[in-house]
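What follows is a single structure, written as structure tokens, with notes after it.
Read the numbers this way: they start at 1 and go in the same order the structure lists the ligands and their atoms.
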Amino acid sequence: MLPELRLRITLFLLLAVDLAAAGELPVFREAPAFRNGRECPKTTPSTIHVAMTLDATYLRGSVAGVFSVLQHANCPENVVFHFLANHRRAELRRTILTTFPYLSFRFYRFDPNLVKGKISSSIRRALDQPLNYARIYLAELLPPAVRRIIYFDSDLIVVDDVAKLWTINLKSHVLGAPEYCHANFTAYFTPKFWSNPLFSTVFSDRNPCYFNTGVMVIDLEKWRQGKYTEKLENWMRIQKRYRIYELGSLPPFLLVFAGNVEGVEHRWNQHGLGGDNLEGLCRDLHPGPVSLLHWSGKGKPWLRLDSKKPCPLDGLWAPYDLFHHAPLFSDS
Ligand SMILES: *[C@@H]1O[C@H](CO)[C@@H](O)[C@H](O)[C@H]1NC(C)=O
């Protein structure tokens, strides 16, 4: 081996060890440029606003999500991403810039102190991360000019034109999402909640159904006017004191919106695909067409694919994985 090459390899190895120790963010391949078709309107009302959170743990999922939206949009240049992050914002911004050099996006600082005192521990630690609650603050964080937003979790891929979701008619509602009225709604709250009429009467004039907060279309104007952030925060305060539910940021949304949601076609949130990888339980798709696949639950497709024990549907996520599998890291 040439001494020069040997030196280079040594330096590279040292660097790699160094990066791993520093908890360096994953590195991604550069996504191609996605250009609008000729039929795409050029005026601002056709802009599609999408909000997602970014953090080190879910970055690979977020990047795949963005990639999937662009790949299936007829007018990808009309999509503007709004990224919310609390830690390591400069690094995350650099990752987005280098992975998607042509992307329209804005970065926002989500201050974890906004929610730290309001979070009570749930049955799953992953649900207690402050960033999980960022979706409650979209109306405050995004500029007033953004009047509608699609919120996407970081463990999903979109396999249809996001414009179809964007243009749904919310009618009089603040929020649109697929509803699941067969789910046992009682189970989302504790007996303490149901036995106290002060709390449980919140649903007395509604027919509440479960909905998943990982995919939501929100009218931010109505949200701001109706002070919905405060309404959600009020329930979080009640939770701190009385423990009226066991999960994280979902129950406050159910308390405020369930029964007042504009039902979106189920194809826009085929959720639960994460299942429970600790027990090797793989989920199947719900019957019907699919526009969005959502790996909610404990298992994440990138972890299962890396461990070489994927669920069958994880293969549908893999083509959107831009993670750069450097040979150096693959066997370590
Ligand atoms: C719904 O959940 C509650 C609380 O977990 C339980 O007591 C009840 O039996 C369930 N109802 C049905 C129809 O499964």
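Taking the six-membered ring where the residue is Trp, the centroids of Phe257 and Trp223 are separated by under 6.0 Å.
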One pair per line, please: each N/O atom of ligand 1 matched with every protein N/O atom under 3.5 Å away, atom names first, then the distance to 0.1 Å.
{"from": "ligand 1", "atom 1": "2 (O)", "to": "Asn184", "atom 2": "OD1", "distance (Å)": "3.4"}
{"from": "ligand 1", "atom 1": "2 (O)", "to": "Asn184", "atom 2": "ND2", "distance (Å)": "2.3"}
{"from": "ligand 1", "atom 1": "11 (N)", "to": "Asn184", "atom 2": "ND2", "distance (Å)": "2.9"}
{"from": "ligand 1", "atom 1": "14 (O)", "to": "Asn184", "atom 2": "ND2", "distance (Å)": "3.4"}

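Taking Ala163 as the reference, Ile48, Asp161 meet the side-chain contact (heavy atoms from CB on, under 4.5 Å) condition, with sequence neighbours excluded. Contacts of Asn36 classified as side-chain hydrogen bond (donor to acceptor under 3.5 Å, both in side chains), with partners at least two apart in sequence or in another chain: Asn78.
The ring-ring contact (aromatic ring centres under 6.0 Å, His included) contacts involving residues 125-157 comprise Phe110-Tyr137, where partners must be two or more places apart or lie in separate chains.
Salt bridge Asp306/Arg60: present, at least one basic N to carboxylate O contact under 4.0 Å.
Taking every heavy atom of both residues into account, Asp153 and Met52 meet most closely at O-CE, 3.5 Å.
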